[in-house]
Every structure is written in structure tokens, then in C-alpha cells.
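In this text, all values refer to a predicted model and were calculated from it rather than measured experimentally. In what follows, residues are counted from 1 in the order of the sequence shown.
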Amino acid sequence: MSTILRQAYILAAKDTKIFFKDRFAVAFSFLFPFLFVIGFSLALSGQGPDDEVLEFTLAVEDAGGGVSEETRARGVQAIQGLAAENGGGSIITVMEYADALAAVEDGELPGFVAFPANFTQNMVEGKPSTLRVIVTGETPDREAALLGFARSLAVGFSDMQITLHAIANLSGQTPSDLSESVLGATGAQNETSSESDAGGIAFVIEKVGDIEPFNASNFTLPGYLTMFVFFAAALSAEAIARERQSHTLERLMSNGVRREAIVTGKFFGTAFRGLLQILVMWIVGILAFGIDLGASPVAVVLISGLMVLSSAAFGVLLASLVREVRAASMAGVLVSLVLAPLGGCWWPLFITPQWMQSLAKITPHGWANDGFNKLLLFGAEFADVTQTMFVLAAFGVAFLAVAVWRFRLSAM
């Protein structure tokens, strides 16, 4: 075993020296990937979540059914105050019902939440009430936010109704008496943005921080890193095929080099170049592109290393399946260009259809990119990607086993 490892080390060192003498190969492996990362990062820099303040419109229906204008006006003030407390910093606009409906019909407003004129009166008296969400159907994202806001309002108002009646029962007062202070304090708080001394229940909303700007490099760099590591490993099959065709491998055997040492040496050489690739790309990515390695940088490093070992085994496997130099070159390019988009190197897998996400799992590219996306984009922990590490290791072992079994020293 020591002889095999020593011979493999010598062969790997020889291949590495030859690689660094080839300027085009070095540029392709270390510089060319950054052209893709820079280009696509710039193209996608304006995409992603912004710290946008949501705007919601409320409308109170016209007075009717025995509801006076005074009661309706007080209800509008109370609804505005209560909505502001449940809005989490959103902009709340109160409009007349007819004006809001006309704005929706004219396409000037995506939708609004409509309150009945006797809403606050029903809440105080413990009667059921209904909120209506009126939308255009043309802006699904805005309408989903409006519907969620209406649901949060319904829950907040229901909780306040229950609290109001519970306090009334304990204090011996009527809900109407308590509503004077609770709803009045809410309206005053909304207008002056100051605390009230009126003994009502207050809701304090604290904003922890802004959403960080979206960094497109967090998924473009790992994707193209995976692509070019596998691309370079696949193209190494051409060098192995050339040595086989020139009978270099046979001469090594005649000089006492073991067959296992040749396969292992090719694997070590390709893996070493891959490790240099990921080292350079991650360092430049962190320093120049502001890459965030997420909650578990150790997991990112391990997935990168296992991906490199899997790619090196894949390169030796490809060399064991082809004979001629031209066939090895064409196979390396073809396989790399097919597996890269299939495995999510060109776009994030989580934006693709479910069938494509499932298909990506038959490739090591798909597992590597899925792990990188979880760690760099969604804040996953080490334990969340252990399956990814196991599968990448399994790919490497399977590729290397088949390569050892199928590897030929002669072109005949």
C-alpha cells in the first residue's frame, strides 16, 4: 500500500507541474469562472427582497341600518388606530368606501379591506362582524399581503373584544364604558404617536433591523464553482486518454508502476487542482463579492471538499469509458454542459419546477448546489446538510470504484 501511495503521489505531482505550465488550462480553471460570476451577479444585483414598507387601504362603509354618522366617524378613528397597531409599521390609509371602490375599478388601487359602519359598535357589544377584502385580481402578491393583513386584523380585533369583555366582567363596568377609554386611547395614540395614560391595553412593536441587501453572488458563485470544478475534472480525461494513446501508461507499468497507483495518482492530481480552485474562488468570493458563508462555514467547506473528491473520481471514470483523445474531449464538454444546468449551476434549483428538482438529485451537481443554497441563502445549520455530504461521498466512492474496474492502460 505504501508503494502504491508513493507512486500515486509522484504521478500526481508530475500532472500538477504539467497543468501549471499550460497557461490556458490555468486561466480556464481559475479566471474564467469569475467572468461568469461577475456577469450574472451584476445582471441579478437588482433582484431579490427589499426592505419595502407595505401600504394597506381601509374603508368604512357608509352609515346605514340605524348607525349615525357620529358613531361611524368614531369607528373610523378607532379602526385606523387599531389597524396601525396591527400593521407592524405598514402605511395605513383610510378612504371613503365609494372612493376606494372606484379606485379599485379604475385600476388605481390593488384592493382594500372594507369594514361595516357598525364594526366598533358590534365589537363592543360582543356581536359578530364581517370584514370584506375587495381586490382586482391583477396583483397576486399585493392581494396576498392584503388578505394576510385582513386576517391579522380579524384576530387582533377578536382578541381585543374578548379582553374588553373579560375586563368588564372583572371590574363590574360595562364594555361600553371601557370602550370609551380603550378605543379613545388607541385613536389618540395613532394621531400623536405618544403613550397614553388612559389605562388601555397597548401593543408595542419593535423593529429589530432592516433586511440585508440581496447578494446574487451567494448563489451564482457556488453554482459556477461546482460547474467549473467538474468541467476541469472532466477535461482531465483528455490528458489521460492522450497518455494512453501515446503508450505512456504502458511504459509506466513496464517500469514497475502499479495499475492502482496510476488510477490513484490521476485521482489525486485532479483532486488537488480542484481543491486549489475552490480555495481561490471562496477567498475571492468572500473578499471581493461579499459572500456570506452562513451559519455553518464548516459545512460549506466540507461540501466543497466532498464535491471536489466526487468530481475527481468522475474525471477518472470518464477517462476509463473512452479510448480516443477526441472522444474524451467531446465527452468532457458534452457531459459538463448537460449536467451543469440540470444540477442547478446556471440557476437556483428552488425556482425550478418540482420535476426538475427531483431530476437534479441524480447528479452530484444537484446535491452540491442544494447544499450550498440551504447554507448560504436559507440559513441552514450543519445538521441540515448531513444527507448532502453523505450522498456526495457516495457519488465519489461509486465513481472511483467503477473507474478502477474499467480503467485501461492500452488504447487497444
Side-chain angles (χ1 to χ4, degrees), residues 9 12-45 215-239 265-294 296-316 332-333 336-337 339-340 343-346 348 364-365 367-373 375-377 385 388-389 392 395-396:
Y9 170 77
K14 181 262 298 181
D15 289 343
T16 302
K17 291 179 181 179
I18 295 175
F19 169 77
F20 279 106
K21 289 181 179 180
D22 188 344
R23 294 181 179 179
F24 176 79
V26 173
F28 178 82
S29 299
F30 295 98
L31 299 180
F32 200 57
F34 288 113
L35 297 180
F36 282 81
V37 175
I38 293 172
F40 282 93
S41 295
L42 292 176
L44 298 173
S45 59
N215 186 359
S217 300
N218 281 344
F219 71 79
T220 57
L221 189 142
Y224 287 109
L225 169 64
T226 302
M227 171 183 170
F228 279 96
V229 166
F230 272 91
F231 208 152
L235 293 181
S236 68
E238 179 183 353
K266 298 300 181 183
F267 172 77
F268 282 171
T270 305
F272 179 72
R273 294 193 295 273
L275 291 174
L276 290 179
Q277 279 182 280
I278 65 170
L279 181 64
V280 170
M281 290 196 71
W282 280 126
I283 291 176
V284 176
I286 294 172
L287 298 179
F289 294 94
I291 297 293
D292 182 6
L293 296 184
S296 181
V298 175
V300 175
V301 172
L302 288 178
I303 289 180
S304 301
L306 290 171
M307 182 263 293
V308 166
L309 296 179
S310 179
S311 68
F314 176 75
V316 181
V333 174
S336 298
L337 292 181
L339 294 183
C345 295
W346 294 1
H365 303 60
W367 284 95
N369 285 315
D370 181 65
F372 286 137
N373 289 338
L375 292 167
L376 274 64
L377 299 179
V385 292
T388 299
M389 299 178 191
L392 286 175
F395 268 116

Flag, side chain of Ser311 to backbone of Val308, donor-acceptor distance under 3.5 Å: yes

Closest approach of Val229 to Gly274 (non-hydrogen atoms, all atoms of both residues): CG2-O, 4.5 Å

Distance, nearest 0.5 Å, that separates CZ of Phe230 from CG of Leu235: 13.5 Å

Interatomic distance, His365 atom NE2 to Asp370 atom CG [nearest 0.5 angstrom]: 14.5 Å

Steps toward side-chain contact (heavy atoms from CB on, under 4.5 Å) verdict (Leu279, Ile283): CA-CA 6 Å; Leu279 181 64; Ile283 291 176; 3.8 Å; yes

With Phe372, the side chain to side chain contact (heavy atoms under 4.5 Å, CB included) member among Val385, Thr226, Asn218, Leu293: Thr226

Closest non-hydrogen atom pair between Ala232 and Ser29, with its separation: CB-OG, 4.0 Å

Distance, nearest 0.5 Å, that separates CZ of Phe219 from SG of Cys345: 12.5 Å

Residue pairs, two or more places apart or on separate chains, that pass side-chain hydrogen bond (donor to acceptor under 3.5 Å, both in side chains) and touch residues 277-288: Trp282-Ser304

Residue pair Ala237 / Gly315: nearest heavy atoms and the distance that separates them: CB-O, 3.8 Å

Inter-residue atom distance Phe19.CZ - Leu276.CG, 0.5 Å rounding: 8.0 Å

Any donor-acceptor N/O pair, Ser310 side chain to Leu306 backbone, under 3.5 Å: no

Steps toward side-chain contact (heavy atoms from CB on, under 4.5 Å) verdict (Thr270, Arg273): CA-CA 5 Å; Thr270 305; Arg273 294 193 295 273; 3.5 Å; yes

For the student: nearest non-hydrogen atoms of Ala312 and Ala233, plus distance: N-CB, 4.3 Å

Heavy-atom closest contact (Leu221 atom, Met281 atom, distance): CD1-O, 3.8 Å

Taking every non-hydrogen atom, the tightest pair across Leu376 and Pro222: CD2-CG, 3.7 Å

Audit row: Leu225, Met307, side-chain contact (heavy atoms from CB on, under 4.5 Å) steps and yes/no: CA-CA 10 Å; Leu225 169 64; Met307 182 263 293; 4.3 Å; yes

Phe231 and Phe228 aromatic ring geometry - parallel, tilted or perpendicular at 30°/60° bounds: parallel

